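Notes for the one structure printed next.
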Amino acid sequence: MDESLPVITKRVNSDGRVECHLGFSSDWDGFDSIVKYLKKYWQASPVQTADNIYSRRWVLICNGVMLTVYHDSQIGNYLIVENGEDKDNLLGQIEADLIERFR
């Protein structure tokens, strides 16, 4: 991995929700890896999955929060709490954990 690239970048989407884009994991296999990571370390359970030709969207329950993992062939992989209820700043905790793991 190119160390000049950030591990995670954040942006606020048009709905006002924070997206965490995963620079270390932008392809289809990376999507599988991030879902496995969330299941193993954050006890996430898939409640809805949609795998299309160029995109994927999985909704997981993670510590009581509905976390969505997206893959878009042009954008890459990113995480978002779509319902706006980020109890205990789960997205921030996951972001910090991933950054620490890639140091």
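From a predicted model like this one, the values you see are computed outputs, not experimental measurements.
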For this session: Establish whether V69 and L91 are linked, either directly or via other cluster members, by ILVMFWY side-chain heavy-atom contacts under 4.5 Å.
Result: yes
For this session: In plain terms, say whether R101 and D97 are close enough for a salt bridge, that is, a side-chain N and a carboxylate O under 4.0 Å apart.
Result: yes
For this session: Report the C-alpha distance between I8 and L22 in whole Å, list the side-chain angles of each, state the deciding distance to 0.1 Å, and finish with yes or no for side chain to side chain contact (heavy atoms under 4.5 Å, CB included).
Result: CA-CA 5 Å; I8 295 176; L22 310 173; 3.9 Å; yes
Seminar exercise, completed: The reported gap from NZ in K40 to OG in S33 (rounded to nearest 0.5 angstrom) is 12.0 Å
Problem set entry | Single-linkage hydrophobic cluster I99~L67, side-chain heavy atoms < 4.5 angstrom | yes
For this session: For side chain to side chain contact (heavy atoms under 4.5 Å, CB included), just list the numbers for I61 and M66, CA-CA rounded to whole Å, side-chain angles, deciding distance to a tenth of an Å, and then say yes or no.
Result: CA-CA 5 Å; I61 295 292; M66 289 186 74; 3.3 Å; yes
For this session: Step by step, work out the side chain to side chain contact (heavy atoms under 4.5 Å, CB included) result for V81 and L90.
Result: CA-CA 9 Å; V81 176; L90 177 67; 5.7 Å; no
Exercise. Is the side chain of N13 donor-acceptor paired with the backbone N or O of D15 at a distance under 3.5 Å, no angle test?
Worked result: yes
Problem set entry | K36 NZ to I34 CD1 distance, which is reported to the nearest 0.5 Å | 12.0 Å
Exercise. Below 4.5 Å, heavy atoms only, C-beta onward: do D51 and W58 meet side chain to side chain?
Worked result: yes
Problem set entry | Residue pair P46 / K39, side-chain heavy-atom distance below 4.5 Å | yes
Exercise. Among D72, V35, D32, which one satisfies side-chain contact (heavy atoms from CB on, under 4.5 Å) with R56?
Worked result: D32
Exercise. So, do C20 and I94 sit near enough that their side-chain heavy atoms are less than 4.5 Å apart?
Worked result: no
Problem set entry | From CA spacing to verdict: side chain to side chain contact (heavy atoms under 4.5 Å, CB included), L98, F24 | CA-CA 10 Å; L98 287 169; F24 62 89; 4.1 Å; yes
For this session: Answer whether the closest heavy-atom distance between the side chains of W42 and Y37 falls below 4.5 Å.
Result: yes
For this session: Please work out whether the ring planes of H71 and F31 are parallel, tilted or perpendicular, with thresholds of 30° and 60°.
Result: perpendicular
For this session: Scan side-chain atoms only and decide if W28 and N77 contain a donor-acceptor pair under the 3.5 Å cut-off.
Result: no
Seminar exercise, completed: Distance col, row Q43:CD vs N63:CG, nearest 0.5 angstrom, shows 6.0 Å
For this session: Please round to the nearest 0.5 Å and tell me the distance separating atom CD of E19 and atom CD1 of I75.
Result: 7.5 Å
